[in-house]
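First comes the structure, then the notes that go with it.
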Amino acid sequence: MSQESPFQSTTSTLKEHKITVLLIDDQAMIGEGVRRMLADEKDIDFHFCSDPTDAMTVANEIRPTVILQDLVMPEVDGLTLVKFFRANPLTKDIPMIVLSSKEEATTKAEAFARGANDYMVKLPDQIELIARIRYHSKGYINLLERNEAFAALRLEQEKAEKLLLNILPKPIAERLKGAQNTIADYFSEASVLFADIVGFTELSSRLSPTDLVAELNLIFSAFDLLAEKHGVEKIKTIGDAYMVAAGLPTPRGDHAEVLVALGLDMQQAVEKYNASSTQSIGIRIGISSGPVVAGVMGSIKFIYDLWGDTVNIASRMESHGVEGRIQVSETTRDLLPDHFQFEDRGAIQIKGKGEMNTYLIVS
């Protein structure tokens with residue numbers, strides 16, 4: 001079985017362009033003569049405009065692949081009309097063949113100088129006219145198809161860019177696009193938040209898998225908006241847990257304060273969810289601050305992840321925390337402004353760390 005090209009669906013949507021001829025000539029007899037020359041050419045669509053003042057409007061409507069134009073017309077000079085067509089963004093690339101009874105070299109040179117692509121003495125030979133129409137139209141159609149392909153490719157690149165930014169922080173994505181193979185950074189000061197849905201196990205026993213994922217997505221989508229509002233980095237979700245960091249990949253001095261503000265907003269989001277839903281859940285939040293190592297893992301499926309004691313302690317702050325409250329480590333408490341109040345929980349046993357002093361945010 002042949003492998004489908006990643007651009008197959010894009011290129012198949014490109015427009016099919018038919019050879020479309022627009023003749024601009026004040027003499028109806030010339031228009032009829034050219035029409036008869038092209039009448040048997042089933043792939044050529046012929047249009048005639050006898051009023052040069054309407055030519056631009058007609059051209060914008062039918063989008064010709066080649067324009068045949070008289071050089072001498074009573075209301076508009078032919079060379080001036082060529083100049084107008086070249087100045088219009090919609091017609092500037094359309095091939096133009098000037099038809100004239102004049103054969104002087106200086107007249108031809110001036111026509112080319114104004115932007116004409118070809119010059120024929122009228123009435124031209126039928127075979128030669130058709131050949132030139134096909135030649136110029138084919139070149140223009142190739143240009144249109146190339147431009148459409150480039151536009152489709154740009155659209156696909158924009159989609160890929162958006163997808164990459166949904167996975168990685170923008171500064172990290174830029175470094176990855178710059179062919180940096182290994183991305184690992186040390187941040188001496190950062191804060192990490194873990195939030196866990198309380199009652200999720202009981203909820204999962206009552207809902208179908210589809211409904212369960214839908215409810216969890218509703219909650220986490222609200223958290224995503226809040227993370228974006230506060231300018232912090234969502235790192236990942238782990239089951240029914242939500243992980244966020246501040247102070248990386250772009251350092252900021254208020255990393256501890258902004259995560260507490262985010263945590264308070266997340267509590268309100270859960271309250272709103274409970275008020276509008278038939279389900280009822282709680283949330284437990286833990287935050288710790290300190291040095292963090294951050295980097296990109298994977299070569300096919302990327303993930304921006306964090307390591308270090310700060311991450312482990314933040315996770316323990318959540319798992320050893322209290323439903324409906326935000327528990328912070330001593331390092332986080334020491335970084336918070338004076339307007340925050342705390343409830344000292346004293347020393348509690350933290351798995352892997354022994355006894356640690358922890359604090360609950362009061363306001």
Side-chain angles (χ1 to χ4, degrees), residues 189-204 215-216 218-220 222-224 226-227 230 232-248 254-275 277 279-292 305-363:
E189 295 184 6
S191 292
V192 179
L193 176 151
F194 280 90
D196 186 72
I197 303 299
V198 180
F200 183 78
T201 301
E202 190 274 334
L203 190 66
S204 63
E215 293 299 315
L216 194 60
L218 187 65
I219 298 166
F220 283 173
F223 291 173
D224 286 348
L226 291 174
H230 287 282
V232 298
E233 290 295 339
K234 171 189 175 182
I235 303 301
K236 59 184 175 181
T237 58
I238 312 164
D240 60 332
Y242 192 89
M243 179 182 180
V244 190
L248 57 88
D254 63 344
H255 51 86
E257 182 180 0
V258 74
L259 282 195
V260 173
L262 170 64
L264 294 171
D265 282 351
M266 292 170 76
Q267 290 177 331
Q268 291 184 3
V270 169
E271 291 176 3
K272 289 181 181 179
Y273 169 82
N274 289 336
S277 173
Q279 315 301 330
S280 180
I281 62 170
I283 186 173
R284 192 169 54 234
I285 296 173
I287 303 173
S288 188
S289 305
V292 172
D305 212 347
L306 311 180
W307 300 270
D309 269 355
T310 300
V311 178
N312 297 331
I313 294 172
S315 177
R316 298 291 181 258
M317 290 298 102
E318 175 274 309
S319 61
H320 292 71
V322 179
E323 179 181 348
R325 306 294 296 275
I326 300 173
Q327 179 166 251
V328 301
S329 66
E330 193 166 14
T331 55
T332 299
R333 185 210 62 175
D334 292 343
L335 293 172
L336 293 173
D338 294 338
H339 64 78
F340 283 101
Q341 296 181 11
F342 309 94
E343 177 185 328
D344 189 345
R345 295 191 73 192
I348 64 173
Q349 193 70 26
I350 301 297
K351 181 180 178 182
K353 301 300 293 183
E355 287 191 346
M356 295 186 68
N357 292 324
T358 66
Y359 305 85
L360 299 174
I361 298 293
V362 175
S363 62

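Start at 1 with the first residue, then count along the sequence.
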If you measure from [atom1] on [X] to [atom2] on [Y], what distance do you get to the nearest 0.5 Å?
X	Y	atom1	atom2	answer
L248	H255	CG	NE2	9.5 Å
S191	E189	OG	CD	9.0 Å
I219	M266	CD1	CE	10.5 Å
N312	F194	CG	CZ	8.0 Å
E215	I197	CD	CD1	11.0 Å
I285	L360	CD1	CG	11.5 Å

Please give me the minimum heavy-atom distance between [X] and [Y], naming the atom from each residue.
X	Y	answer
L306	A245	CD1-CB, 3.7 Å
L216	G239	CD2-O, 3.7 Å
A195	I283	CB-CD1, 3.9 Å
S288	I313	OG-CG2, 3.4 Å
N274	S280	OD1-CA, 3.4 Å
A241	D196	CB-OD1, 4.0 Å

> I287 pairs by side chain to side chain contact (heavy atoms under 4.5 Å, CB included) with which of L336, I361, V328?
Replying inline: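 Single side chain to side chain contact (heavy atoms under 4.5 Å, CB included) partner of I287 among L336, I361, V328: V328.
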>> Counting C-beta onward and ignoring hydrogens, is there a side-chain heavy-atom pair between N357 and R333 closer than 4.5 Å?
In response: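 No - every pair of side-chain heavy atoms lies 4.5 Å or more apart.
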> Under a 4.5 Å cut-off applied to non-hydrogen side-chain atoms, are V258 and L262 in contact?
Replying inline: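 V258 vs L262: side chains apart.
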> Judged by atom type as modelled, is there a donor-acceptor pair below 3.5 Å linking the side chain of T332 to the main-chain atoms of S289?
Replying inline: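 Yes, T332 side chain to S289 backbone: donor-acceptor pair under 3.5 Å.
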> Is there a donor-acceptor pair closer than 3.5 Å between any side-chain N or O of T310 and the backbone N or O of P291?
Replying inline: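 Pair found, side chain donor or acceptor close to backbone of P291.
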> Between T331 and L335, is a side chain to side chain contact (heavy atoms under 4.5 Å, CB included) present by the stated rule, with each step listed?
Replying inline: CA-CA 7 Å; T331 55; L335 293 172; 5.8 Å; no
> What pairs with Y242 under ring pair (Phe, Tyr, Trp, His ring centres under 6.0 Å), at least two apart in sequence or on another chain?
Replying inline: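 Ring pair (Phe, Tyr, Trp, His ring centres under 6.0 Å) list for Y242, sorted by chain: F220, F223.
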Please set out all donor-acceptor pairs under 3.5 angstrom arising from side-chain atoms of residues 343-350, sequence neighbours excluded.
| from | atom 1 | to | atom 2 | distance (Å) |
| --- | --- | --- | --- | --- |
| E343 | OE1 | R325 | NH2 | 3.2 |
| D344 | OD1 | G346 | N | 2.7 |
| R345 | NH1 | H320 | O | 2.9 |
| R345 | NH1 | Q327 | OE1 | 2.5 |

>> With salt bridge (charged side-chain N to carboxylate O under 4.0 Å, His left out) as the rule and sequence neighbours excluded, what pairs involving residues 305-323 come up?
In response: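 Only K236-D305, R284-E318, D309-K353 qualify under salt bridge (charged side-chain N to carboxylate O under 4.0 Å, His left out).
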